Amino acid sequence: MRKVLPFAAVIVGLLWGALNFIGTLQTARGIYEDRGALINTIVLIITAPSPLIPAGVFAAGVLALVGLRLGWFDGKSEAEPQEVFVAIDQLKTLLAEGTAMETTFQIVRQANPKHAAIHAWIGRVNTCARQKALTGLVGPKEIKNFNTPWHPKDVERVEALLAQAGHFNGVDEVGRLSFRTIWGHVKRLEELIATIEGTQVVAKCEIELHHERIKRADTNVGTINRRAAEVEAAINGNLAALGMMNALRVEFTKELMGAVSGGPSPIVPIEEELINDAYEIDRELTWQAYRDLGIAVGSLNMGIAKHNETPTLPFCHELLRRVEVIRKLVVDIARERVQRSTSSDLS
């Protein structure tokens with residue numbers, strides 16, 4: 001409605017000036033000469049010979065249109081946020097809504113969102129991202145990326161972790177599809193908001209994070225294997241020392257540990273950080289062998305502590321057996337590592 005009057009003023013000004021110029025309205029003035037004084041005055045003004053009045057109406061209409069275009073008459077204060085910030089806040093509100101829907105799958109006593117509700121949310125995100133306030137920030141490329149499913153391998157990994165934790169008990173295939181859809185689109189919306197805000201450090205793709213975790217797992221198992229070899233060498237050294245002392249019928253006590261030249265020495269246990277890392281790798285990658293490896297290293301460390309109290313030949317052999325368990329797990333992990341890499345390449 002605000003634009004109607006300025007447009008009308010522009011049109012009236014143009015027509016008025018044109019008709020006044022060609023003298024068409026001069027004839028109309030003669031028709032109303034015998035009417036009342038009020039009518040004569042109105043007609044006189046409308047048919048004024050001076051072109052300044054219609055030009056003024058035209059200029060006023062143009063000025064009003066320019067003012068509307070530039071927001072002179074919007075009545076907004078300087079403190080009111082720009083439309084682009086309002087649009088970003090709307091997207092962040094939708095992000096919070098999507099995250100809440102995704103989290104519902106991890107709450108046993110709460111009903112999971114329906115597939116239709118999830119698609120309705122996706123539609124509202126698309127509508128919000130297409131608004132004029134985001135022109136130049138969101139284009140067809142960004143909209144297409146948001147509507148592209150998230151990386152399948154990453155979705156399967158997260159779904160497997162939640163299933164292992166029991167969050168999908170009683171959830172049918174449609175429910176699982178709903179989770180994959182909402183989880184993937186929440187990640188896509190996070191990317192979209194980061195793109196709009198021009199975030200310099202963009203969150204790494206989950207698939208890249210997965211590769212980093214695999215690399216960390218390789219480092220962990222390699223370090224444990226090296227430390228197990230060092231422990232094995234120390235045990236073999238103590239075995240030789242204990243064998244010689246038994247042959248000489250020398251009774252060995254804790255006080256003699258490390259004090260007798262050529263006698264058994266304390267064994268340094270494998271670092272606890274490596275055990276904790278193995279447990280964490282199991283949680284992140286759903287890799288049971290790493291949990292077994294952490295348990296085996298913990299068992300070896302308990303044996304080392306007992307050995308350092310009172311070293312004996314039988315218990316040295318028991319420690320070597322525990323080292324062998326670790327070595328077997330290292331071989332199993334290496335085999336699984338090849339299998340996982342092959343399946344990843346095929347997919």
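Excluded from the calculations below are hydrogen atoms, water molecules and symmetry mates; all remaining heavy atoms, backbone and side chain alike, are included. What you see is a predicted model; the values in this text were computed from it and never measured.
- Smallest separation of non-hydrogen atoms from G303 and F315: O-CE2, 3.0 Å.
- The list of ring pair (Phe, Tyr, Trp, His ring centres under 6.0 Å) pairs with a residue in residues 318-339, not counting sequence neighbours, is empty.
- Q288 and D292 are linked by a side-chain donor-acceptor pair at a separation below 3.5 angstrom, with hydrogens and angles left out of the test.
- Not a single side-chain hydrogen bond (donor to acceptor under 3.5 Å, both in side chains) links N236 to another residue, sequence neighbours left out.
- For the pair N126 (side chain) and I122 (backbone), a donor-acceptor distance under 3.5 Å is present.
- Smallest separation of non-hydrogen atoms from H307 and S265: NE2-O, 4.3 Å.
- Proximity of a side-chain donor or acceptor of T127 to a complementary backbone N or O of G123 within less than 3.5 Å is detected.
- Residues L285 and A217 share a closest heavy-atom pair of CD1-CB, 4.2 Å.
- A donor atom on one side chain and an acceptor atom on the other are found under 3.5 Å apart for E336 and W287.
- Q131 contributes atom CD, which lies 7.0 Å from atom CG of L91 (distance to the nearest 0.5 angstrom).
- Shown here for R216 and E284, the closest heavy-atom pair between the two residues is NH1-OE1, 3.4 Å.
- Salt bridge E197/K92: present, at least one basic N to carboxylate O contact under 4.0 Å.
- The pair D218-K215 fails the salt-bridge criterion, with no side-chain N (NZ, NE, NH1 or NH2) lying under 4.0 Å from an Asp/Glu carboxylate O.
- Taken to the nearest 0.5 Å, the CD1 atom of I270 stands 10.5 Å off from the OG1 atom of T223.
- Taking every heavy atom of both residues into account, E232 and R327 meet most closely at OE1-NH2, 2.6 Å.
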Inset, instruction - Mind running salt bridge (charged side-chain N to carboxylate O under 4.0 Å, His left out) on K306 and E309 for me, showing each step along the way? - result: CA-CA 5 Å; K306 184 177 178 181; E309 287 286 331; over 6 Å; no

Inset, instruction - For T135 and K132, run side-chain contact (heavy atoms from CB on, under 4.5 Å): C-alpha distance rounded to whole Å, both residues' side-chain angles, the deciding distance at 0.1 Å, then the answer. - result: CA-CA 5 Å; T135 301; K132 288 184 178 180; 4.2 Å; yes

Legend entry - side-chain contact (heavy atoms from CB on, under 4.5 Å) evaluation trace for T312 with L242: CA-CA 7 Å; T312 62; L242 288 169; 5.6 Å; no

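- Side-chain contact between F179 and L162 is present, with heavy atoms from C-beta onward closer than 4.5 Å.
- To the nearest 0.5 Å, the span separating CD1 on I281 from CG on D277 amounts to 6.0 Å.
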Legend entry - Working for side-chain contact (heavy atoms from CB on, under 4.5 Å), residues N301 and I275: CA-CA 10 Å; N301 280 353; I275 300 175; 3.6 Å; yes

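- In this structure, L319 CG and I267 CD1 are separated by 6.0 Å, a value rounded to the nearest 0.5 Å.
- With hydrophobic clusters built from ILVMFWY side chains whose heavy atoms lie under 4.5 angstrom apart, L161 does not share a cluster with L177.
- R283 contributes atom CZ, which lies 11.0 Å from atom CZ of R213 (distance to the nearest 0.5 angstrom).
- With sequence neighbours excluded, the residues forming a ring-ring contact (aromatic ring centres under 6.0 Å, His included) with F146 are H185, listed by chain and number.
- The side-chain heavy atoms of W183 and E159, taken from C-beta on, include no pair separated by under 4.5 Å.
- Applying the side-chain hydrogen bond (donor to acceptor under 3.5 Å, both in side chains) test to E230 and every residue at least two apart in sequence or in another chain returns R226, R227.
- Connection of I235 to L313 is established within a shared hydrophobic cluster, with ILVMFWY side chains joined at heavy-atom distances below 4.5 Å, either directly or through further cluster members.
- Under 4.0 Å is where a charged nitrogen must lie from a carboxylate oxygen, and between E324 and K328 no such pair does.
- A search for side chain to side chain contact (heavy atoms under 4.5 Å, CB included) contacts involving V325 returns A296, R321, L329, not counting sequence neighbours.
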Inset, instruction - Evaluate side-chain contact (heavy atoms from CB on, under 4.5 Å) for I214 paired with R337, printing each intermediate quantity in order. - result: CA-CA 9 Å; I214 289 289; R337 175 75 171 86; 3.2 Å; yes

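- Salt bridge status for E156 with R176: absent, with no side-chain N to carboxylate O gap under 4.0 Å.
- For E142, the side chain to side chain contact (heavy atoms under 4.5 Å, CB included) partners at least two apart in sequence or on another chain are V138, L192, T195.
- The nearest pair of heavy atoms linking A133 to A87 is CB-CB, 4.1 Å.
- Looking only at side-chain heavy atoms (C-beta outward), V186 and W121 come within less than 4.5 Å of each other.
- The hydrophobic cluster containing F85 also contains L134, counting ILVMFWY residues as joined when their side-chain heavy atoms lie under 4.5 angstrom apart, directly or transitively.
- Atom CD1 of I88 is separated from atom OG1 of T93 by 12.0 Å, given to the nearest 0.5 angstrom.
- The closest side-chain heavy-atom distance from I295 to R291 is below 4.5 Å.
- Side-chain contact between E191 and K187: absent, with no pair of heavy atoms (C-beta onward) separated by less than 4.5 Å.
- For the pair N220 (side chain) and L274 (backbone), a donor-acceptor distance under 3.5 Å is present.
- Between L320 and L239 the shortest side-chain heavy-atom distance falls below 4.5 Å.
- Looking at L94 and C128, their side chains come closer than 4.5 Å, going by heavy atoms from C-beta outward.
- Checked by atom type and distance alone, the side chain of W150 never pairs as donor or acceptor with a backbone atom of R188 at under 3.5 Å.
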